[in-house]
Amino acid sequence: QVQLVESGGGLVQAGGSLRLSCEASGSIFSINFMGWYRQAPGKQRELVATITRSGIPDYADSVKGRFTIFRDNAKNTVYLQMNSLKPEDTAVYYCNTAGVRLSLPDRYADWGQGTQVTVSS
């Protein structure tokens, strides 16, 4: 079972940028879809971006044009570049497996601890 460790979160002003990293303990090369999720206080976990094994991304409308997901299979790492951040992006961000075109996977890996992103207005 792959173990996932997220990092890169922090406090940033609206309009700022952050890059999140998700490092897997094992190979992610064979995982067809990886995704970034977020959970804001009092809200359900939301899938915001997915990427195929070959690097094709999909984005939720809420982040399209601002976030970029990419992966380095050789480093077993998935990234989320977040630009033009808004206060409503404030959440704990997690990575995990995903399904095709922003759908949920049949099976999740164990969830990591996530990384907190806080955007001040």
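Residue numbers start at 1 and run along the sequence shown. None of these values were measured; they are calculated from a predicted model.
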Q: For atom CG of Asp110, decide whether the heavy atoms of other residues, nucleotides or ligands shown that lie under 6.0 angstrom number more than 12.
A: yes
Q. Is it true that Asp61 and Lys64 have a side-chain N and a carboxylate O under 4.0 angstrom from each other?
A. yes
Give every donor-acceptor pair under 3.5 Å between a side-chain atom in residues 11-24 and any protein atom, sequence neighbours left out.
residue: Ser17; atom: OG; partner: Asn83; partner atom: OD1; Å: 2.9
residue: Arg19; atom: NE; partner: Gln81; partner atom: OE1; Å: 2.8
residue: Arg19; atom: NH2; partner: Gln81; partner atom: OE1; Å: 3.3

Q: Test side chain to side chain contact (heavy atoms under 4.5 Å, CB included) on Val117 and Arg38 and set out the steps.
A: CA-CA 9 Å; Val117 171; Arg38 68 185 181 187; over 6 Å; no
Q: Report yes if the side chains of Arg53 and Met34 come closer than 4.5 Å at any heavy-atom pair, otherwise no.
A: no
Q.
Once ring pair (Phe, Tyr, Trp, His ring centres under 6.0 Å) is applied, do any residues pair with Phe67, and if so which ones, sequence neighbours excluded?
A. none
Q: Go through the steps to decide whether Trp36 and Tyr94 satisfy the test ring pair (Phe, Tyr, Trp, His ring centres under 6.0 Å), and finish with yes or no.
A: CA-CA 6 Å; Trp36 279 96; Tyr94 304 86; 9.1 Å; no
Q) Looking only at atom types and distance, does a side-chain atom of Asp58 sit under 3.5 Å from a main-chain N or O of Leu102, one as donor and one as acceptor? A) no
(Q) Using modelled atom types and a 3.5 Å cut-off, is there a donor and acceptor pairing between side-chain atoms of Asn73 and backbone atoms of Asn76? (A) no
Q: Using atom types as modelled and distance alone, determine if a side-chain donor or acceptor of Thr97 lies under 3.5 Å from a backbone N or O of Arg107.
A: yes
Q) Between Tyr37 and Arg45, is any side-chain donor less than 3.5 angstrom from a side-chain acceptor? A) no
Q | Residues Val78, Ile69; criterion side chain to side chain contact (heavy atoms under 4.5 Å, CB included); working and verdict | A | CA-CA 7 Å; Val78 181; Ile69 185 171; 4.0 Å; yes
Q. Same cluster or not: are Leu47 and Leu4 linked, directly or through other Ile, Leu, Val, Met, Phe, Trp or Tyr residues, by side-chain heavy atoms under 4.5 angstrom apart?
A. no
Q) Any sub-3.5 Å donor-acceptor pair from Thr90's side-chain atoms to Thr118's backbone N or O? A) no
Q | Thr77 side-chain N/O to Asp72 backbone N/O, donor-acceptor pair under 3.5 Å | A | no
Q: Indicate, with yes or no, if Tyr108 and Val92 share a hydrophobic cluster defined by side-chain heavy-atom contacts under 4.5 Å among Ile, Leu, Val, Met, Phe, Trp and Tyr.
A: yes
**Q.** Rounded distance [0.5 Å steps], CD in Glu6 versus SG in Cys95
**A.** 4.5 Å
Q: Begin from the C-alpha positions of Thr52 and Phe33 and carry the test side chain to side chain contact (heavy atoms under 4.5 Å, CB included) through to its verdict.
A: CA-CA 5 Å; Thr52 69; Phe33 298 93; 3.6 Å; yes
Q. Which pair of non-hydrogen atoms, one from Ser62 and one from Glu46, has the smallest distance, and what is that distance?
A. OG-OE2, 3.4 Å
Q) Got a second to check how far Ile56's CD1 is from Arg101's CZ, nearest 0.5 Å? A) 10.0 Å
**Q.** ring pair (Phe, Tyr, Trp, His ring centres under 6.0 Å) against Tyr59, all qualifying residues, sequence neighbours excluded
**A.** none
Q) Between Leu104 and Val2, is there a shared hydrophobic cluster once you connect ILVMFWY residues whose side-chain heavy atoms come closer than 4.5 Å? A) no
